[in-house]
Amino acid sequence: MSEPIEEQEPAEEMVERAEPVEAGSHPHPHRPPRMDVDALLDDRGTHIVVCCGSGGVGKTTTAAALALRAAERGRRTVVLTIDPARRLAQSLGLRELDNQPRRVHVANLPSGGELNAMMLDMRRTFDDMVLAHASDGRAEQILANPFYQTISTSFSGTQEYMAMEKLGQLAATGQWDLIVVDTPPSRSALDFLDAPQRLGAVLDGRLIRMLSAPARAGGRSIRRLVGAGFGLFARAVSTIVGGQMLADASAFVQAFDTMFGGFRERARQTYELLRSPGTAFLVIAAPEPDALREASYFVERLAAEQMPLAGLVVNRTHPVLAPLPAPRALAAAEALERKGEAPLAAAVLRLHADRVAVADREKRMLARFTRAHPSVAVVGVPALPTDVHDLDGLREIARRMAGE
Amino acid sequence: MALPIAGWTEELARVRLHVVTGKGGTGKTTAAAALALALATGGRRVLLVEVEGRQGIAQVFDTAPLPYAEQRIAAAPGGGEVRALAVDAEAALLEYLSMFYNLGFAGRTLRRMGAIEFATTLAPGLRDVLLTGKVKECVGRTDNRGRHVYDAVVLDAPPTGRLVKFLDVTRAMADLAKVGPIKEQSDGVVRLLHSGDTAVHLVTLLEEMPVRETMDAVAELDIADLRPGAVMINRVRPPRLSARSTTAAASGRVDAARVRSGLEAAGLELDPACLDGLVDETVEHAVRVQVEQQARQQIAEIDLPLLELRDLNGGVDVGGLYELAEALTDQGVR
């Protein structure tokens with residue numbers, strides 16, 4: 001964080017800057033409502049804030065900044081991060097995050113305020129679940145099964161599933177006023193909602209049984225459906241993945257069978273938790289077409305699932321700080337350059353014109369989103385010129401998010 | 001201030017499979033598309049492939065979503081063409097199975113039942129083996145006169161965080177059958193990926209995290225015995241201030257009086273708030289330029305050929321892609 005920037009930015013200006021759709025040459029009729037971050041964090045009815053969005057938009061930083069702000073506004077807060085990057089750990093001054101919330105030392109918190117942070121260890125969370133739900137012999141059998149090792153470390157939905165599980169656990173302790181959740185760095189923002197079901201389908205075991213013994217388990221109905229094709233398919237799959245893998249998978253599913261109902265029930269409870277009024281989803285994006293497209297999908301999906309959306313956070317915007325139209329700035333810069341005068345002023349005018357162009361592009365992107373989703377509250381977070389590494393940086397991000 | 005650009009090397013000119021990766025949000029699909037156009041320039045045929053089901057190629061070329069079929073997506077300057085393919089693991093598995101087993105109409109039903117998806121999730125490595133297997137097939141395909149159908153294949157690969165795992169077919173195969181057609185196929189993939197026919201290009205921005213991830217990725221590629229190709233610096237913006245003014249402004253020192261008199265000389269009478277705003281913008285610009293300079297120094301330490309793609313202020317459209325491709329050609333890409 002650079003000192004001079006902070007000094008030179010009076011509060012009124014920050015309000016301007018936090019509103020990327022406000023200033024500019026193309027006022028838009030569908031001006032979205034402004035998201036009130038402080039109202040969300042101060043609302044004692046808000047217990048869970050889920051930050052979701054595509055990769056590379058700053059979800060982890062946003063989640064940590066929100067948690068810090070909530071703590072500084074007197075709430076007992078925990079932030080659950082999934083992103084394996086060490087960024088959050090560094091910015092929170094923690095050497096390692098070990099699947100348990102750890103207290104973060106923040107100076108001058110008001111009474112009741114507390115910041116805790118943890119990083120999800122999906123393998124451990126899965127192991128703990130198995131140990132908690134399986135009888136002794138069974139648990140060891142499951143943990144030692146090679147197929148379990150694959151599922152618990154490499155399966156693409158496991159991280160999402162375990163994030164939900166961990167969220168459920170944290171909520172169940174009743175220890176926290178507010179849980180802020182970062183979501184896994186998925187290929188698509190929607191994976192977070194779909195993955196638990198995908199993993200559920202694998203654990204369900206119907207298909208594994210059919211593949212390992214199609215004649216018995218599939219029954220006549222399947223045969224009628226796909227005819228001899230299924231037998232061939234099962235043989236082909238077995239040739240490809242190897243008989244041993246199928247045998248392991250089958251043994252795993254059998255051992256897992258008794259636990260499966262419990263797993264599914266927990267996943268259902270967490271899903272209900274996400275739909276409850278105490279939960280707020282924040283969709284995080286950057287002012288880029290891909291990120292905003294993903295944000296659109298997510299907003300639609302949340303609506304379809306009747307999950308409560310609090311708003312869209314657009315990170316790293318570049319609002320214009322001086323109301324000077326770009327053409328005038330460029331004409332003046334050219335005049336100065338022609339005369340070979342005042343190179344500093346000419347440079348200032350050019351970099352201002354660059355900035356207007358960037359801001360206009362960002363506004364166009366955002367306007368497209370807002371046209372499709374006019375009722376979604378939006379807040380722009382002006383970019384810091386450098387990366388965030390410490391609590392001061394997180395605090396500044398949070399201030400910008402809150403429009404201070 | 002720009003460091004000399006190493007450009008495209010002889011070795012890179014011989015590469016047949018260009019894998020393009022980068023941290024999320026660095027614009028790797030745009031870079032891959034521009035690279036494909038540049039490689040096709042002058043009458044060559046290039047295939048641009050994506051594997052993550054994002055339909056990113058269709059988006060940058062502003063066309064309808066791609067089917068699982070190779071189709072022409074753009075003409076390149078000088079008579080070349082770019083074709084595009086979105087590889088889908090489930091379709092690849094069905095295609096693969098039908099090469100060895102006659103599944104007939106069952107394929108579609110199996111797919112509807114989720115059996116295909118299931119088979120590819122049963123062994124997570126299988127998905128990657130199928131995807132890279134299809135890419136390898138495209139790279140190696142020849143016409144009836146024995147010539148390569150594609151002069152080059154550009155793969156819009158998973159982001160840096162997942163890339164090495166994706167390309168580590170040997171490890172993925174440890175999960176799978178040790179004999180049979182898929183083993184033979186994957187042996188071929190391993191040979192291709194670890195040969196001089198393949199290079200992994202890394203797209204980055206001049207920002208701290210993307211550069212760090214690029215450096216980490218290079219180290220990971222070395223360990224996995226995969227060859228890093230070029231570093232593609234995306235969204236390069238021109239510095240506007242002189243070196244001296246940059247240093248001063250980055251530490252908060254902008255001579256506002258001098259700026260104001262300069263503006264007045266150009267006929268601009270601005271109110272104090274507007275002038276303050278310009279000064280703030282100047283400080284932010286200078287800080288950013290310094291961060292970019294540090295990023296460049298770090299990138300220089302990696303010692304790989306560098307390519308630059310300038311920032312297209314209006315956002316990237318098809319016209320912008322051609323502009324970037326031309327810039328790549330000017331930097332020696334062929």
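This structure is a prediction, so every number in the text was calculated from the model and none was measured. Proteins get letters first, then strands, A, B, ... in listed order; numbering begins at 1 in each.
Heavy-atom distances place no part of B:Asp271 under 4.5 Å from chain A, backbone and side chain included. Proximity to chain A (any heavy atom under 4.5 Å) is restricted, for B:Gln59, to the side chain, taken from C-beta onward. For A:Ala291, no part lies under 4.5 angstrom from a heavy atom of chain B. At a 4.5 Å heavy-atom cutoff, the contact between A:Ala332 and chain B is made by backbone and side-chain atoms alike. For B:Val259, the parts sitting under 4.5 Å from any heavy atom of chain A are the backbone and the side chain alike. For B:Leu270, the part lying near chain A is the side chain, with the backbone staying farther off; criterion is any non-hydrogen pair under 4.5 Å. Both the backbone and the side chain of B:Thr282 come within contact range of chain A, each with at least one heavy atom under 4.5 Å from a heavy atom of that chain.
Without hydrogens or angle criteria, B:Glu281 side chain to A:Leu321 main chain gives a donor-acceptor distance under 3.5 Å. Checking side-chain atoms of A:Arg361 against main-chain N and O of B:Leu312 turns up a donor-acceptor pair under 3.5 Å.
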**Prompt:** Does the side-chain contact (heavy atoms from CB on, under 4.5 Å) test come out yes or no for A:Val348 and B:Arg240, once each step is laid out?
**Reply:** CA-CA 8 Å; A:Val348 168; B:Arg240 297 298 189 185; over 6 Å; no
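When each of A:Lys339, A:Arg293, A:Arg350, A:Arg328 is scored by its heavy-atom pairs under 4.5 Å with chain B, the top score falls to A:Arg293. Considering only heavy-atom pairs separated by less than 4.5 Å from chain A, the leading option among B:Leu268, B:Thr26, B:Val291 is B:Leu268. Between chain B and the residues A:Leu324, A:Val358, A:Leu351, A:Val57, the largest count of heavy-atom pairs under 4.5 Å involves A:Leu351.
With respect to the salt-bridge test (charged N to carboxylate O, under 4.0 angstrom), the residues A:Asp354 and B:Arg237 do not qualify. Using a 4.0 Å cut-off between a side-chain N of Lys or Arg and a carboxylate O of Asp or Glu, A:Arg355 and B:Asp280 do not qualify as a salt bridge.
For the pair B:Gln290/A:Thr386, no side-chain contact is recorded, criterion being any heavy-atom separation below 4.5 Å from C-beta on. Taking 4.5 Å as the limit, some side-chain heavy atom of B:Leu241 sits within range of a side-chain heavy atom of A:Leu344.
Atoms SG and NE2, from B:Cys274 and A:His352 in turn, are 6.5 Å apart once rounded to the nearest 0.5 Å.
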